Novice: 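What follows is a structure written as structure tokens; I'll ask about it next.
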Amino acid sequence: MKAKPLGQVTDFDLKLLRIFKTVNACGSFSAAESLLGISRSAISLHMSDLEQRLGMRLCQRGRAGFALTEEGREILRHSESMMAAIEHFRLQVNQMHKQLRGELNLGLINNLVTQPHMKITRALEALREAGPDIRLNISMMTPAEIERGLLEGRLHVGALPLITPISGLVYQPLYDERSQLYCSRQHPLFSAGEAITEQDLKGVDAIAPTFRINQDAIDLHQTLSCTATASDREGIAFLILTGRFIGFLPDHFASQWVQNGMLRALAPQRFFFTSPIAVVTRKAQQPNAIRERFMAALLA
């Protein structure tokens, strides 16, 4: 058989080499029939194709039986090394999918940690379990800072109130956050019941948030006498706990003080508003396995 150089190794070549390996393991064409699921004549054609492709005789077949040539033994040895390398490559790629590496930059508004659903906490737990080597970077930010960080590519994911969506970002509802009007134990209204009216609140010092709130919250704050401001919910809590102010806080954040008798909601059936909290990502991003795994756990 005339020797010739081998060009590119194709998928068909790999198929022929696997047939060759099976025939050798079985010891004959007839014994390999049932294992390969093809006839002896088809096996013979495939073996001839392989020999033609490689330009060398690989085996003796006939009445004397099946036997590898010297070249056949060499080709078998090299093909087994190649198959092992391909399998190793496949395993390594699959392992990369299982063991995520890189970082997740997450921007959050303050005080979500006390939310009883704990969706963010559980998603972070699931991500850490999926990729122990992932670096988690959490930044506490205002909604505007989170949106800017997402648009500029500094953040992968954000969580903030869904009030005025910005073009270029994707907002997916996470949960609804209920806020009520609170006063502290030292405040004159602490003993007031459900009968409290808007008129009762007119002369009472209240806190206006300087962060973004929805229209329902704006309407409620306009019924109050706001003489102080705060840039976040923690600042509002500080002022309420002085006993000199009333203000709105998320129920989950206020519950720690309500349970020990330090805060009380004023007419909770009337003075409340609900804010949807959304998880936010940037549109048209490059694929990111870490971000996608986190989002899947978060929205599950």
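Every value quoted in this text rests on a predicted model; they were computed, and no experiment measured them.
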Novice: Determine, using the 4.5 Å side-chain heavy-atom cutoff (strictly less than), whether I43 and L68 are members of one ILVMFWY cluster.
Specialist: yes
Novice: Salt bridge or not between E70 and R73? Use side-chain N to carboxylate O under 4.0 Å.
Specialist: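 Between R73 and E70 there is a salt bridge, with a charged N closer than 4.0 Å to a carboxylate O.
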Novice: Hydrophobic cluster membership, with links at side-chain heavy-atom distances under 4.5 Å among I/L/V/M/F/W/Y: are F253 and I109 in one?
Specialist: no
Novice: Would you name the heavy atoms of P268 and Q180 that are closest together and state the gap between them?
Specialist: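 The answer is CB-OE1, 3.0 Å.
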Novice: Assess the residue pair I207 and I240 against the criterion (side-chain contact (heavy atoms from CB on, under 4.5 Å)); give the C-alpha distance rounded to whole Å, side-chain angles, the decisive distance to 0.1 Å, and a yes or no.
Specialist: CA-CA 8 Å; I207 308 146; I240 294 174; 3.6 Å; yes
Novice: Would you please say whether a donor-acceptor pair under 3.5 Å links the side chains of Q256 and N260?
Specialist: no
Novice: Is the CZ atom of R212 crowded by more than 12 outside heavy atoms at less than 6.0 Å?
Specialist: yes
Novice: For the atom pair CE (M262) and CZ (R185), what is the distance rounded to the nearest 0.5 Å?
Specialist: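 The CE atom of M262 sits 6.0 Å away from the CZ atom of R185.
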Novice: Nearest 0.5 Å, what's the CG-CD1 distance between L266 and I196?
Specialist: 5.0 Å
Novice: Looking at every non-hydrogen atom in both residues, tell me the closest pair between D133 and R101 and how far apart they are.
Specialist: OD2-NE, 3.9 Å
Novice: Below 3.5 Å, can you tabulate the donor-acceptor pairs from side chains in residues 154-171 to any protein atom, sequence neighbours excluded?
Specialist:
{"unit_1": "R154", "atom_1": "NE", "unit_2": "E152", "atom_2": "OE1", "d": "2.8"}
{"unit_1": "R154", "atom_1": "NH2", "unit_2": "E152", "atom_2": "OE1", "d": "2.9"}
{"unit_1": "H156", "atom_1": "ND1", "unit_2": "N105", "atom_2": "N", "d": "2.9"}
{"unit_1": "Y171", "atom_1": "OH", "unit_2": "E147", "atom_2": "OE2", "d": "2.8"}
{"unit_1": "Y171", "atom_1": "OH", "unit_2": "I166", "atom_2": "N", "d": "3.0"}

Novice: Assign the ring pair Y175 / H117 to parallel, tilted or perpendicular, where the plane angle (0 to 90°) is split at 30° and 60°.
Specialist: tilted
Novice: Given the rule in the side-chain contact (heavy atoms from CB on, under 4.5 Å) test, do L76 and K21 qualify, once you have shown the distances and angles that lead to the verdict?
Specialist: CA-CA 7 Å; L76 185 64; K21 181 180 177 182; 4.1 Å; yes
Novice: Is any side-chain heavy atom of F245 closer than 4.5 Å to one of I236?
Specialist: no
Novice: Would you confirm whether R293, through its side chain, and L127, through its main-chain N or O, come within 3.5 Å as a donor-acceptor pair?
Specialist: no
Novice: As a quick check of understanding, evaluate side-chain contact (heavy atoms from CB on, under 4.5 Å) for I138 and L104, giving each step before the final call.
Specialist: CA-CA 8 Å; I138 295 180; L104 178 74; over 6 Å; no
Novice: Where do R233 and N110 come nearest, in terms of heavy atoms and distance?
Specialist: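 Looking at all heavy atoms of both residues, the shortest contact is NH2-O, 3.0 Å.
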Novice: Is there side-chain contact between M83 and R18, with heavy atoms separated by less than 4.5 Å?
Specialist: yes
Novice: For F273, check ring pair (Phe, Tyr, Trp, His ring centres under 6.0 Å) against everything at least two apart and list the hits.
Specialist: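 With sequence neighbours excluded, F273 shows a ring pair (Phe, Tyr, Trp, His ring centres under 6.0 Å) to F248, given in chain and number order.
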Novice: Taking NZ, NE, NH1 and NH2 as the nitrogens, is one of them in D251 or R178 under 4.0 Å from a carboxylate oxygen of the other?
Specialist: yes
Novice: Heavy atoms, side chains only, cut-off 4.5 Å: are E177 and T274 in contact?
Specialist: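 Not in contact.
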Novice: Please name the pair of heavy atoms, one in L181 and one in L201, separated by the smallest distance, quoted to 0.1 Å.
Specialist: CD2-CD1, 3.8 Å
Novice: Do D13 and L54 pass the side-chain contact (heavy atoms from CB on, under 4.5 Å) test, and can you show the C-alpha distance, the side-chain angles, and the key distance before you say yes or no?
Specialist: CA-CA 9 Å; D13 294 324; L54 298 178; over 6 Å; no
Novice: Once you round to the nearest 0.5 Å, how far does CG of L299 lie from NZ of K119?
Specialist: 7.5 Å
Novice: Would you please name every residue forming a ring pair (Phe, Tyr, Trp, His ring centres under 6.0 Å) with F271, sequence neighbours left out?
Specialist: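 Expected list: none.
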Novice: Provide the closest heavy-atom pair for L239 versus A228 in the form atom of the first, atom of the second, distance.
Specialist: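 Scanning both residues completely, I find the closest heavy atoms to be CD1-CB, 4.0 Å.
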Novice: Quick check: is M47 connected to V9 through a chain of hydrophobic side chains (ILVMFWY, heavy atoms under 4.5 Å apart)?
Specialist: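 Yes, because V9 and M47 connect within a single hydrophobic cluster, where side-chain heavy atoms sit under 4.5 Å apart.
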Novice: Among side-chain atoms of T197 and Q199, is any donor-acceptor pair under 3.5 angstrom?
Specialist: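 Per modelled atom types, T197 and Q199 side chains form no pair under 3.5 Å.
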Novice: Are any non-hydrogen side-chain atoms of Q285 and T281 less than 4.5 angstrom apart?
Specialist: yes
Novice: Any chance you could measure K15, atom NZ, to L50, atom CG, to the nearest 0.5 Å?
Specialist: 12.5 Å
Novice: Return the OG to CZ distance between S231 and F211, rounded to the nearest 0.5 Å.
Specialist: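 Atom-to-atom, S231:OG and F211:CZ are 8.5 Å apart.
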Novice: Using only heavy-atom distances, determine whether the side chains of D205 and T227 contain a donor-acceptor pair under 3.5 Å.
Specialist: yes
Novice: Less than 4.5 Å apart, any side-chain heavy atom of Q186 and any of R244?
Specialist: no
Novice: Same cluster or not: are F272 and W257 linked, directly or through other Ile, Leu, Val, Met, Phe, Trp or Tyr residues, by side-chain heavy atoms under 4.5 angstrom apart?
Specialist: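 No, no single cluster joins them.
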Novice: Does the pair R77/E74 count as a salt bridge with the N-to-O cut at 4.0 Å?
Specialist: yes
Novice: Please find the pair of heavy atoms, one from A42 and one from I38, that lie closest to each other, and give the distance.
Specialist: CB-CB, 4.2 Å
Novice: Is it the case that over 12 heavy atoms from other parts of the model lie below 6.0 angstrom from the CD atom of Q215?
Specialist: yes
Novice: I'd like to know if the side chain of S44 and the backbone of R40 have a donor-acceptor N/O pair within less than 3.5 Å.
Specialist: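 No; judged by distance alone, with no hydrogens or angles, the pair does not exist.
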Novice: Side chains of P173 and P276: does their closest heavy-atom pair fall under 4.5 Å?
Specialist: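 No, every pair of side-chain atoms sits at 4.5 Å or beyond.
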Novice: Between E51 and R57 (side chain of the first, backbone of the second, donor and acceptor by atom type, cut-off under 3.5 Å), is there such a pair?
Specialist: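 It does not hold such a pair.
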Novice: NE2/H46 to CZ/R53 distance, rounded to the nearest 0.5 angstrom?
Specialist: 14.5 Å
Novice: Flag yes if L106 and I277 sit in one hydrophobic cluster, no otherwise; membership is Ile, Leu, Val, Met, Phe, Trp, Tyr, and two members link when side-chain heavy atoms are under 4.5 Å apart.
Specialist: yes
Novice: Can you check whether T242 reaches H187 side chain to side chain, under 4.5 Å on heavy atoms?
Specialist: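 No, their side chains stay 4.5 Å or more apart.
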Novice: Any non-hydrogen side-chain atom of L35 less than 4.5 Å from a side-chain atom of C26?
Specialist: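 Heavy-atom side-chain distance check passes, below 4.5 Å.
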